[in-house]
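Quick notes on the structure that follows.
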Amino acid sequence: MCEMESIIFTNLSKYKKLYEKKLCKIHENYDLRKIDMEIIVYLANCGEEDTARDIANTNMFTKGHISQSVKRLCEMEYVTVKQDEKDMRIQHLKLTDKVNPLLKELLTEKEEMEKSVFAGVTEDEFKVMKQVFDKMCSNIMKEMQNI
């Protein structure tokens, strides 16, 4: 199994480096951090799960980093905070129209990268890979609960 671990970590590391290089121009043009861009993409796709707690539940970033990023994004007028009508303790994060050009660039770059990374991978192979990663994620979450 050590070989599989090596394959996973090596490929994830390569993917992360490619991702960071691809988004470098956007990062510089908009004076954003990686977490800022990830939160914008998350909010564009999250549906009703649009709170800082929901973002934290993805385990991608710490609560402190999320809080700092949300503050920055609000100051840049890319995100607004709306109080929940039923529970005043809950704050929903909403993207503003000002973020649309940036979001379009982000999504285009991510889509182009995904096409190049998965070039030659058949639809069946992709489905199997997704099933395997879903199982792995489920197993990881179960194991995390035991720690």
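Keep in mind that this is a model prediction, so the values were computed, not measured. The basis for the numbers below is simple: all heavy atoms, side chains too, and nothing from hydrogens, waters or symmetry mates.
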Q | Shared hydrophobic cluster, Tyr15 / Phe9 (ILVMFWY, side-chain heavy atoms < 4.5 Å) | A | no
Q: Identify whether Ile140 and Met129 are in the same connected component of the hydrophobic contact network (ILVMFWY, side-chain heavy atoms under 4.5 Å).
A: no
Q) Does CD belonging to Glu123 count more than 12 external heavy atoms closer than 6.0 Å? A) no
Q) Got a donor-acceptor contact below 3.5 angstrom from the Glu125 side chain to the Thr122 backbone? A) yes
Q) Does a sphere of radius 6.0 Å around NZ in Lys94 hold more than 12 heavy atoms from other residues, nucleotides or ligands, not counting ones at 6.0 Å or beyond? A) yes
Q | Side-chain heavy-atom pair Glu20, Cys24 within 4.5 angstrom cut-off | A | no
Q | Same apolar cluster (I L V M F W Y, side chains within < 4.5 Å links), Leu95/Ile90 | A | no
**Q.** Over all atoms of both residues, closest heavy-atom pair of Asp50 and Gly47
**A.** CB-O, 4.0 Å
Q) Less than 4.5 Å apart, any side-chain heavy atom of Tyr78 and any of Asp36? A) no
Q) So, the side chain of Asn45 versus the backbone of Val41: is there a donor-acceptor pair under 3.5 Å, distance only? A) yes
Q. Should Cys46 and Leu43 be marked as a side-chain contact (heavy atoms from CB on, under 4.5 Å) after you check the CA-CA gap, both sets of side-chain angles, and the distance that decides it?
A. CA-CA 5 Å; Cys46 68; Leu43 291 174; 4.1 Å; yes
Q: Would you indicate whether the side-chain heavy atoms of Lys104 and Asn100 approach each other to under 4.5 Å?
A: no
Q) Got Thr51 and His92 here, is their nearest side-chain heavy-atom distance under 4.5 Å? A) yes
Q) Are any of the side-chain heavy atoms of Val79 and Thr96 separated by less than 4.5 Å? A) no
Q) Looking at CD1 of Ile39 and CG of Leu93, how far apart are the two atoms once the value is rounded to the nearest 0.5 Å? A) 8.0 Å
Q.
Do Met141 and Val132 sit in one hydrophobic cluster, given that two such residues count as connected whenever their side-chain heavy atoms are within less than 4.5 Å of each other, even indirectly?
A. no
Q.
Main chain of Met76, side chain of Lys98: is a donor-acceptor contact present, judged purely on distance under 3.5 Å?
A. yes
Q: Enter the distance from Met4:CE to Ile7:CD1 here, rounded to the nearest 0.5 Å.
A: 5.0 Å
Q | Side chains of Lys142 and Ser138 in contact at under 4.5 Å (non-hydrogen atoms) | A | yes
Q: Give a yes or no on whether the backbone of Glu105 and the side-chain of Thr108 come within a donor-acceptor separation of less than 3.5 Å.
A: no
(Q) Is there a side-chain contact between Leu32 and Leu102 in this structure, where contact means two heavy atoms from C-beta onward sitting under 4.5 Å apart? (A) yes
Q. Do the side chains of Gln83 and Gln91 get nearer than 4.5 Å, heavy atoms only?
A. yes
Q.
Given Glu49, which partner from the list Asn57, Asp54, Ile55 fulfils the side-chain contact (heavy atoms from CB on, under 4.5 Å) test?
A. Asp54
Q. Same cluster for Ile35 and Leu107 if Ile/Leu/Val/Met/Phe/Trp/Tyr side chains link at under 4.5 Å?
A. yes
Q. Taking the side chain from Ser69 and the backbone from His65, do they hold a donor-acceptor pair closer than 3.5 Å?
A. no
Q. Taking all non-hydrogen atoms of both residues, which atom of Val81 and which atom of Cys74 are closest, and how far apart?
A. CG2-SG, 3.7 Å
Q.
What I want to find out is whether Lys110 reaches Glu114 closely enough, with some N-O distance under 4.0 Å, to be called a salt bridge.
A. no
**Q.** Reported CD1-to-CZ distance for the pair Ile8 and Phe133, which is rounded to 0.5 angstrom
**A.** 6.0 Å
(Q) Let me confirm one number: the CD-OG1 distance from Glu5 to Thr10, rounded to the nearest 0.5 Å. (A) 9.5 Å
**Q.** CG/Asn139: more than 12 non-hydrogen atoms of other groups inside 6.0 Å
**A.** yes
(Q) Between Leu18 and Met113, does the side-chain contact (heavy atoms from CB on, under 4.5 Å) criterion hold? Intermediate values first, please. (A) CA-CA 8 Å; Leu18 175 63; Met113 189 182 99; 3.9 Å; yes
Q.
Given 3.5 Å as the limit, does a donor-acceptor pair link the side chain of Asn29 with the main chain of Ile26, or not?
A. no
